[in-house]
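Written below as structure tokens is the structure these notes are about.
Numbers restart at 1 for each chain; the letters A, B, ... are given by sequence-line order, proteins then strands. Every value quoted in this text rests on a predicted model; they were computed, and no experiment measured them.
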There are 2 protein chains.
Amino acid sequence: MLQTPTATNDTPADARVAEILAAARQAFAEKGFDGASMQDLARAAGMSVGNFYRYFASKAAIVQALIASDLEEMGRDFEPVLASDDPIAAMRQKVRIKLVEHQCSDKGALWAEITAASLRKPDIGTACGHMETTIADYMMQAFATATGISLNESRQRFGAHAALIMMLVKSSAMMPQQDATLRHDLNTLILRIIDQTLDEIAANGAKG
Amino acid sequence: MLQTPTATNDTPADARVAEILAAARQAFAEKGFDGASMQDLARAAGMSVGNFYRYFASKAAIVQALIASDLEEMGRDFEPVLASDDPIAAMRQKVRIKLVEHQCSDKGALWAEITAASLRKPDIGTACGHMETTIADYMMQAFATATGISLNESRQRFGAHAALIMMLVKSSAMMPQQDATLRHDLNTLILRIIDQTLDEIAANGAKG
DNA sequence: TCAATCAGAATGAACGTTCATTCATTATCA
DNA sequence: TGATAATGAATGAACGTTCATTCTGATTGA
């Protein structure tokens, strides 16, 4: 009965936690980590302040849980990519989906908040660092299996490529919604760069 | 005796304001807009809280002044680029300089803070929007003179290119300082993309 | 030359509010 | 009944902002 730990598990308590996290995510996106009070978070979750503390010991704990939940979601996203016959092709498609997905959600605002906080709060910086290395490792596993090189070699040769792709997806999500045609043109440019980067990996993998 | 308005003018009061802004910039970078109290800002500027309010009417006013000061700095940066014989070549070099400059400063932390705040505070969002369109316009002026097309045509055809370059420079500055070789490889990739983007503009300008 | 005058630079205590957190209490339900 | 879930008032600290007051150095008038 072992189960992979996910944000939304099957016990009622875990479902409640997931609900609270979703509400907190929106509240933080609207008001920021410091701007959203515990009253705000409790109200968003539809409960009293005191009860809120039964689920999260502090404000910082919610932020950490939020980051952990994002990391888990990423893991779930990469699962089919890594299992695919052509992991790089799968990544191309996944990136396309995520790019338009993030555009219409408040995830960009939250990531911007997390990015800013990670540069000044050591705890959050550590959590983000762990998240980024984990995601980068997913990508480099995909690159390794796609090109036939070892994971270590993939890490050494394509670490920057992975970081670049992450940077582009993140930055794209953090863009404010603006003029539609400009936004479309920019998306096209970003996708072209990501495709080129993946092309380079696919081409460079065998002969390196 | 007309003079261009700059952050640091020659009157003593303006110099004082510039000092305060520099101190506030550091304090905000360390603690965030909400995290840094007026006490913190006043202490950083070496004065009492009450006196601080003689220079800035509110916390929000300092943030606005900080953004305006960044915009002015950008204007000063672009002045030689736009006056150059080869504006695109000048931009290549300026980007290289800025990329390493931002890497060793706390400007990335502040930009991350501003980016996050711009997505939830309308005032800051407006100011940032104005800043981005102004900078984009500088770039598209450079593209217009470099390719011989009109400014309007430059805006229509290269708006996304300008946005992409801004995005890359900003994202690079907002990266945490990490493993040196990874950082170097990533910088190389980013520069290659920017160069390619500028190549495309230079090549595409004449025939379009 | 020296006191009187004065503008504005600077101070830090005080104000009302909001914050994160705690806790005594009540409801729920098995 | 007993354990768990939930409440919201209470607490003390910290917040942004205001303001009565002090300090400082230049200007004045004799």
Side-chain angles (χ1 to χ4, degrees), chain A residues 8-67 113-114 116-117 120-124, chain B residues 8-67 110 113-114 116-117 120-124 127:
Chain A
T8 312
N9 263 346
D10 44 6
T11 89
D14 286 340
R16 198 91 166 88
V17 165
E19 280 174 29
I20 296 175
L21 278 183
R25 182 171 265 115
Q26 192 182 343
F28 279 142
E30 279 171 14
K31 299 196 166 191
F33 288 152
D34 289 313
S37 68
M38 294 301 266
Q39 294 273 3
D40 291 331
L41 297 176
R43 196 178 307 121
M47 63 174 62
S48 64
V49 202
N51 200 32
F52 194 95
Y53 272 89
R54 298 198 341 106
Y55 293 92
F56 293 100
S58 69
K59 211 182 192 183
I62 314 172
V63 176
Q64 292 287 349
L66 231 38
I67 295 173
E113 200 67 34
I114 292 176
R120 45 189 167 75
K121 309 242 187 177
D123 303 341
I124 301 181
Chain B
T8 312
N9 264 345
D10 45 7
T11 88
D14 287 340
R16 198 89 167 90
V17 166
E19 280 175 29
I20 296 175
L21 278 184
R25 182 171 265 117
Q26 192 183 343
F28 278 142
E30 279 172 13
K31 299 195 166 191
F33 288 152
D34 290 312
S37 68
M38 293 302 264
Q39 294 274 1
D40 290 331
L41 297 176
R43 195 179 307 121
M47 64 174 64
S48 64
V49 202
N51 199 32
F52 195 95
Y53 273 89
R54 298 197 342 107
Y55 293 92
F56 294 98
S58 68
K59 210 182 192 184
I62 315 172
V63 177
Q64 292 286 348
L66 230 38
I67 294 173
L110 195 67
E113 199 68 36
I114 293 176
R120 45 189 167 75
K121 310 242 187 175
D123 303 341
I124 300 181

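- Phe52(A) and Ala42(A) make their closest contact through CD1-CA, 3.7 Å (heavy atoms, listed as atom of the first residue, atom of the second, distance).
- No more than 12 heavy-atom neighbours from other residues, nucleotides or ligands sit within 6.0 angstrom of CD on Gln26(A).
- Across the protein-nucleic acid pair, Phe56(B) atom CZ and dT18(D) atom P stand 16 Å apart, rounded to whole Å.
- Looking at heavy atoms from C-beta onward, Ile20(A) lies in side-chain contact with Met47(A) at the 4.5 angstrom threshold.
- Comparing dT21(C), dA6(D), dA10(C) by their nearest atom to the side chain of Arg16(B) picks out dA10(C).
- When each of dT7(D), dA10(C), dT21(C) is scored by its nearest atom to the side-chain atoms of Asn51(B), the top-ranked nucleotide is dA10(C).
- Between the side chain of Lys59(B) and the main chain of Phe33(B), a donor-acceptor pair closer than 3.5 Å is present.
- Listed here is the closest heavy atom pair of Ile124(B) and Ile114(B): CG2-O, 4.2 Å.
- You'll find that the side chain of Lys59(B) is closest to dT17(D), out of dA20(C), dT21(C), dT17(D).
- Contacts of residues 24-42 of chain A with DNA chain C (heavy atom under 4.0 Å): Ala36(A), Ser37(A), Met38(A).
- Atom-to-atom, CZ of Arg54(A) to P of dT4(D) comes out at 9 Å; the value is rounded to the nearest Å.
- As a whole-Å value, the separation of Arg43(B) CZ from dA14(D) C1' is 12 Å.
- In this view, Glu30(B) satisfies the salt bridge (Lys or Arg N to Asp or Glu O under 4.0 Å) rule with no residue, not counting sequence neighbours.
- With dT11(C), dT21(C), dT17(D) as the candidates, the nucleotide lying closest to the side chain of Tyr53(B) is dT17(D).
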